[in-house]
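Below is one structure, written out as structure tokens; comments come after it.
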Amino acid sequence: MTLQIYNFMTRRKEEFRPVHEGFVGIYVCGPTVYGHSHIGHAKVYVSFDIMARYFRYLGYQVRYVQNITDVGHLTDDADEGEDKILRRARQERVEPMEVVQTYMRSFFEDMDALNVVRPDISPRATCHIPEQIELVEALLETGHAYEADGSVYFDVASWPEYGKLSGRKIEEQEEGARITINPDKKNPADFAVWKAAEKGHILRWPSPWGPGYPGWHLECSVMATKYLGQPFDIHGGGLENVFPHNESEIAQIEAATDERFCNYWVLNNMVTVDGVKMGKSLGNFVTIKEALSRHDPMTIRFFVLSSHYRSPTDFSEEALDAAGRGLERLYGSVQLLRERLRDADGEEVDPAWAQKFEEYRQEFVKVMDDDFGTPQAIALLFDLGREVNTLLNSGQPVSRATLEAIDGLYRELGGTVLGIIPDELVQQADSELVGGLVRMLIELRQQAREARDWEESDRIRDQLAQMGVMLEDGPQGTRWRLSH
RNA sequence: GGCGACGUAGCCAAGUGGAAAGGCAGCGGUCUGCAAAACCGCCAUCACGGGUUCAAAUCCCGUCGUCGCCUCCA
């Protein structure tokens with residue numbers, strides 16, 4: 001079995017074949033940095049983080065490119081309205097590049113919290129203006145674009161394949177659709193590849209057609225091919241961008257170069273809030289920072305991965321709470337395992353477990369190979385957890401080597417690939433002072449218990465519980481853990 | 001109006017032709033001084049109606065419902 005990926009272009013799962021053996025190039029549409037990132041961003045970038053991690057796990061050398069859009073997207077329409085970054089700059093009375101810098105930092109902060117590995121290249125649109133102008137020139141030369149009043153438009157009618165990704169035909173985009181009539185355009189579906197800057201538009205660059213700024217699809221076509229070549233392997237992004245953004249990306253570069261843009265289109269489904277799409281324009285979006293104020297970052301990541309990337313995810317506080325409790329269960333096994341590891345010995349791995357490790361690994365690869373089946377992969381970790389709990393609570397001696405091997409499996413599958421099991425769980429990383437104090441209280445409670453003073457022992461337990469320290473009595477003595 | 005996705009237990013969510021994963025919640029049990037944690041057990045005729053098939057949650061047709069795209073949005 002080899003890796004199968006659902007290719008949105010063909011609407012089928014296909015075996016993954018890289019352009020260059022052993023290498024994989026991934027481009028994912030990045031954020032426009034004019035506000036804090038929301039849960040929808042979390043789903044996309046966690047999803048593609050998993051893909052990058054899994055490719056690396058399989059031994060590929062990955063180049064993951066994710067742009068930063070710091071210019072050019074308008075508030076209303078492709079051609080009307082105000083640049084969102086400019087508007088924010090005006091509102092906050094700062095330079096546009098201060099807006100960009102602020103929210104770019106915010107974005108990476110959030111991604112770091114969610115344990116998303118940073119992209120290998122985070123190219124910015126404003127750093128690639130000359131390349132974008134070159135592509136516009138190429139489109140004019142090949143007759144796929146025309147100039148009008150300082151702006152340059154892509155001529156949709158000149159390229160019959162327009163619509164092949166989204167399954168749309170230009171003729172069908174008729175009444176009901178809100179297409180603004182722009183007298184400069186030959187066809188209402190034509191879109192700007194270069195836009196003349198009106199007076200007062202701060203973000204502007206000189207060009208053969210006068211001062212202006214790039215069209216809003218151009219940067220992705222240009223930066224993806226600049227860093228990954230053409231064709232490259234995987235283009236990713238959110239499903240809501242399939243039209244017109246992704247469609248236009250393809251049109252520009254393929255019309256200009258007469259060569260395929262990329263081989264696999266991988267688009268993730270959206271996040272809804274109580275069943276309704278979360279959107280900046282709807283004002284119902286939940287920022288990652290808000291979610292982080294109420295939930296552990298790993299809970300959010302776990303929540304995202306517990307549904308498939310191509311399924312819509314409905315965000316609710318209840319669902320997040322339930323995910324958090326599920327994750328706690330997973331951590332319980334790992335915690336117990338690592339505690340037991342502290343004073344275990346024995347050099348031999350239990351052969352029955354050696355067998356299990358192979359089975360879990362194989363099954364994990366099997367479900368991940370099927371279009372990145374993270375929900376099934378997580379289910380496997382729960383199965384493993386049950387077996388581990390049974391083993392560790394059985395009272396049987398378990399060799400150090402076996403415990404280490406189990407821990408290694410958690411680190412490999414849950415840590416390296418899924419990124420939901422940290423190398424150090426919170427309690428382990430906690431201060432020696434706290435640990436010492438808690439152990440002292442456990443000792444005092446133990447004395448009360450031995451004196452059958454249940455009132456006192458329960459008082460200690462209850463008060464610690466109120467502070468978030470949970471005590472658990474077992475045959476091996478009393479353990480403690482922090483509840484989140 | 002056009003295009004597309006989805007509808008699986010109280011909730012979240014896999015499974016896309018051959019005995020319905022997993023998690024949360026709930027119930028019963030084991031363990032415990034009592035708890036907690038853990039373990040064992042229980043808990044779904046897969047929106048509805050037809051059809052194809054030896055066999056359908058899975059394929060086809062229809063109905064109802066939810067959502068998305070067609071305007072910036074991850």
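Each chain gets a letter, A, B and so on, in the order the sequences are listed, and its residues count up from 1.
B:rU66 and B:rA5 make up a base pair, with Watson-Crick or G-U wobble contacts both under 3.5 Å. When Watson-Crick and G-U wobble pairs are counted only if both distances are under 3.5 Å, B:rG33 pairs with no nucleotide at all. Pair check for B:rU16 finds none; no Watson-Crick or G-U wobble contact set falls under 3.5 Å. Checking B:rA21 for Watson-Crick or G-U wobble geometry (two distances, each under 3.5 Å) identifies no partner in any strand. Remark: B:rC42 base-pairs with B:rG26; criterion is Watson-Crick or G-U wobble with both hydrogen-bond distances under 3.5 Å.
The C1' atoms of B:rA19 and B:rC54 are separated by 16 Å, rounded to the nearest whole Å. Comparing B:rC73 with B:rC12, their C1' atoms are spaced 26 Å from each other, to the whole Å. Nucleotides B:rC11 and B:rC48 have their P atoms positioned 15 Å apart, rounded to a whole Å. Nucleotides B:rA44 and B:rA57, compared at atom P, are 16 Å apart to the nearest Å. When the P atom is compared between B:rU52 and B:rC61, the two are found 15 Å apart, to the nearest whole Å. Distance noted for atom P between B:rU16 and B:rG7: 12 Å (whole Å). A distance of about 33 Å separates the C1' atoms of B:rA9 and B:rC34, rounded to the whole Å. On the P atoms, B:rG28 is 49 Å away from B:rG62, given to the nearest whole Å.
At a threshold of 4.0 angstrom between heavy atoms, the contacts of A:G40 include nucleobase atoms, whether or not backbone atoms are also involved. Counting any heavy atom pair closer than 4.0 Å across all strands shown, A:V242 reaches no nucleic acid atom.
Rounded to whole Å, the distance from NE2 on A:H245 to P on B:rC73 is 7 Å. In this structure, A:I420 atom CD1 and B:rG22 atom P are separated by 17 Å, rounded to whole Å. Protein atom CG of A:D383 is 6 Å distant from nucleotide atom P of B:rG22, rounded to whole Å. Summarising the geometry, the separation between CE on A:M270 and C1' on B:rC69 is reported as 7 Å, rounded to the nearest angstrom. Spacing between atom CG of A:L391 and atom C1' of B:rC40 amounts to 17 Å, rounded to whole angstrom units. The separation between A:L165 atom CG and B:rC70 atom P is 14 Å, rounded to whole Å. In this entry the distance linking CG of A:L418 with C1' of B:rG22 reads 14 Å, nearest Å. The nearest whole Å value for the distance from the CZ atom in A:R87 to the P atom in B:rC73 is 13 Å.
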Base, backbone or nothing for each nucleotide of nucleotides 8-17 of chain B, written B, S, -, heavy atoms under 4.0 angstrom, 5' to 3'?
-----SSS--
Each nucleotide in nucleotides 25-38 of chain B should get exactly one letter: B, S or -. Can you fill that in based on protein heavy atoms under 4.0 Å?
S-------BBBBSS
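Evaluation of the side-chain contact (heavy atoms from CB on, under 4.5 Å) rule for A:A377 yields A:F364, A:V367, A:M368, A:L418 as partners, not counting sequence neighbours. Applying the side-chain contact (heavy atoms from CB on, under 4.5 Å) test to A:L391 and every residue at least two apart in sequence or in another chain returns A:W353, A:V398, A:I406. With sequence neighbours excluded, no residue satisfies side chain to side chain donor-acceptor pair (under 3.5 Å) with A:R329. Every residue two or more places apart in sequence or in another chain was checked for a side chain to side chain donor-acceptor pair (under 3.5 Å) with A:Q132, and none qualifies. For A:D112, the side-chain contact (heavy atoms from CB on, under 4.5 Å) partners at least two apart in sequence or on another chain are A:R118. Looking at residues two or more places apart in sequence or on another chain, you find a side-chain contact (heavy atoms from CB on, under 4.5 Å) between A:S166 and A:R168, A:V242, A:F243, A:E247. Applying the salt bridge (Lys or Arg N to Asp or Glu O under 4.0 Å) criterion to A:K186, with sequence neighbours excluded, gives A:D155.
Closest non-hydrogen pair, A:F285 versus A:E290, comes out as O-OE1, 4.2 Å. Contact between A:G238 and A:V44 at its shortest, heavy atoms only, is N-CG1, 4.5 Å.
Nearer the 5' end of RNA chain B, as judged by each residue's closest nucleotide, is the contact made by A:D321, out of A:G237 and A:D321. For the pair A:G238 and A:Y6, nearest-nucleotide mapping onto RNA chain B gives the more 5' position to A:Y6.
With a 6.0 Å cutoff to the six-membered ring centre and a 45° limit on the axis angle, A:R87 does not count as a cation-pi contact of A:Y34.
Nearest to the side-chain atoms of A:R11 among the listed nucleotides B:rG4, B:rG22, B:rA74 stands B:rG4.
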Just do the side-chain contact (heavy atoms from CB on, under 4.5 Å) check on A:E359 and A:Q362 with the steps written out, would you?
CA-CA 5 Å; A:E359 288 165 9; A:Q362 279 174 18; 5.6 Å; no
